[in-house]
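Since the structure comes first, as structure tokens, the remarks are kept for the end.
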Amino acid sequence: MLSRTLLVTCFEPFGGSARNASLEAVSRLPDTIGPWRLEKRQLPVRWNDAGAQLEEFLRDLRPAALLCTGQAGPEPVARIERLGVNLAEGTDNAGCARHEEPLLPGGPDALFSTLPCAAMLRRLTAEGVSARFSFHAGLYLCNCVLYTALSLS
């Protein structure tokens, strides 16, 4: 019997693209890994909805763990984000622009990931996956979701 739920999130396509690498990667994951049941969910690329949608998934599923995925440029490498910053920059799929705005007014400037990042990097590279640390998730929606998740824990 499966005893744990892992919520894995990805994003819809954005910026006029018809595809998103995170959506494609998450859709290829199995439904179970060992004792883990994977709940795969797509997040919108909209400032006003992504964090709220994540909170709803967390409330409804009550997962034991959360893994957020995203797409960052054309670099063919898995990046393990270590830091979410309290800052938003960019225009989303709905045309909503944010420029140097805090994600959580009055919140900490940055929050560190609670995942075992070093162990994850070692495992990925041992499996032959091109991977590296990324010390923050930029300022777009990946960062918004990471910062939101960390602020809820």
Side-chain angles (χ1 to χ4, degrees), residues 1-88 90 92-94 103-104 107-108 110-153:
M1 179 171 192
L2 300 175
S3 61
R4 294 180 271 186
T5 299
L6 170 62
L7 172 58
V8 183
T9 66
C10 59
F11 285 99
E12 68 185 356
F14 66 96
S17 178
R19 47 187 299 258
N20 185 303
S22 72
L23 175 60
E24 292 176 13
V26 169
S27 69
R28 293 178 182 161
L29 291 173
D31 292 333
T32 62
I33 298 175
W36 292 89
R37 183 182 86 235
L38 277 61
E39 290 289 340
K40 302 170 263 187
R41 298 291 188 271
Q42 179 181 307
L43 294 169
V45 179
R46 294 187 304 274
W47 290 115
N48 296 329
D49 300 326
Q53 183 69 72
L54 176 65
E55 287 185 53
E56 182 179 317
F57 292 152
L58 291 168
R59 183 181 57 250
D60 292 349
L61 296 169
R62 299 193 171 279
L66 169 65
L67 179 65
C68 301
T69 69
Q71 172 181 302
E75 186 179 23
V77 63
R79 291 193 266 182
I80 299 170
E81 308 296 352
R82 301 187 87 175
L83 189 69
V85 296
N86 191 12
L87 195 60
D92 68 12
N93 279 353
L103 292 165
L104 180 62
L111 296 168
F112 285 93
S113 172
T114 58
L115 293 173
C117 295
M120 291 169 63
L121 181 62
R122 283 192 304 272
R123 180 64 185 262
L124 287 170
T125 55
E127 295 290 330
V129 175
S130 179
R132 69 173 177 83
F133 287 130
S134 176
F135 294 96
H136 69 81
L139 300 177
Y140 198 48
L141 271 291
C142 286
N143 178 65
C144 173
V145 167
L146 176 57
Y147 190 88
T148 298
L150 293 171
S151 70
L152 296 171
S153 58

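Counting from 1, the numbers follow the sequence of the chain as shown.
Between Leu103 and Asn143, the shortest heavy-atom contact is CD1-ND2, 3.6 Å. Taking each heavy atom of Val45 and Pro13 in turn, the nearest pair found is CG2-O, 4.3 Å. Scanning all heavy atoms of the two residues, the minimum distance from Leu141 to Ala50 falls at CD1-CB, 3.6 Å. Leu115 approaches Leu66 most closely through the heavy-atom pair CD2-O, 4.1 Å. Among all heavy-atom pairs drawn from Tyr147 and Gly107, the shortest one is OH-C, 3.6 Å. Counting all heavy atoms, side chain and backbone alike, Leu150 lies closest to Thr114 at CD2-N, 4.0 Å.
A donor-acceptor contact shorter than 3.5 Å is absent between the side chain of Asn48 and the backbone of Ala94. With hydrogens and angles ignored, the 3.5 Å screen pairs no side-chain donor or acceptor of Arg79 with any backbone N or O of Ala137. Lys40 contributes a side-chain N or O that, together with a main-chain N or O of Leu29, makes up a donor-acceptor pair within less than 3.5 Å.
For Tyr140, the ring-ring contact (aromatic ring centres under 6.0 Å, His included) criterion is met by Phe14, Trp47, not counting sequence neighbours. With sequence neighbours left out, the side-chain hydrogen bond (donor to acceptor under 3.5 Å, both in side chains) criterion links Asp60 to no other residue. The salt bridge (Lys or Arg N to Asp or Glu O under 4.0 Å) check on Arg122 picks up nothing, with sequence neighbours excluded.
Counting only heavy atoms from C-beta outward, the side chains of Cys68 and Leu146 never approach each other to under 4.5 Å. The side-chain heavy atoms of Thr69 and Val8, taken from C-beta on, include a pair separated by under 4.5 Å. Counting heavy atoms from C-beta on, the side chains of Pro44 and Asn93 never come closer than 4.5 Å.
Residue pairs satisfying the salt bridge (Lys or Arg N to Asp or Glu O under 4.0 Å) criterion with at least one member in residues 48-59, sequence neighbours excluded, are listed as follows: Arg46-Asp49.
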Which is it for Leu38 and Ile33 under the side chain to side chain contact (heavy atoms under 4.5 Å, CB included) test, yes or no, and what are the steps along the way?
-> CA-CA 7 Å; Leu38 277 61; Ile33 298 175; 4.0 Å; yes

Derivation of the side chain to side chain contact (heavy atoms under 4.5 Å, CB included) call for Leu111 and Leu83 | CA-CA 6 Å; Leu111 296 168; Leu83 189 69; 5.9 Å; no

Should Leu7 and Arg41 be marked as a side chain to side chain contact (heavy atoms under 4.5 Å, CB included) after you check the CA-CA gap, both sets of side-chain angles, and the distance that decides it?
-> CA-CA 7 Å; Leu7 172 58; Arg41 298 291 188 271; 3.6 Å; yes

Show every donor-acceptor pair shorter than 3.5 Å between a side-chain atom in residues 17-27 and any protein atom, with sequence neighbours excluded, or say none if there are none.
residue, atom, partner, partner atom, Å
Ser17, OG, Arg19, N, 3.2
Ser17, OG, Arg19, O, 2.9
Arg19, NE, Glu24, OE2, 2.7
Arg19, NH2, Glu24, OE1, 2.7
Asn20, OD1, Ser22, N, 2.8
Asn20, OD1, Ser22, OG, 2.7
Asn20, ND2, Glu12, O, 3.1
Ser22, OG, Phe11, N, 3.0
Ser27, OG, Leu23, O, 3.3
Ser27, OG, Glu24, O, 2.8

Please tabulate, for side-chain N and O atoms in residues 127-135, each donor-acceptor pair with protein atoms closer than 3.5 Å (sequence neighbours left out).
residue, atom, partner, partner atom, Å
Glu127, OE2, Arg123, NE, 3.2
Arg132, NE, Glu75, OE2, 3.3
Arg132, NH2, Glu75, OE1, 3.0
Ser134, OG, Glu81, OE1, 2.8
Ser134, OG, His136, O, 3.0

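Rounded to the nearest 0.5 Å, atoms CD (Gln53) and CG (Leu43) are 6.5 Å apart. Atom SG of Cys144 is separated from atom CG of Leu87 by 11.5 Å, given to the nearest 0.5 angstrom. Between Leu58 atom CG and Leu152 atom CG the span is 6.5 Å, to the nearest 0.5 Å.
Checking Thr5 against Arg37 by side-chain atom types alone, a donor-acceptor pair falls below 3.5 Å.
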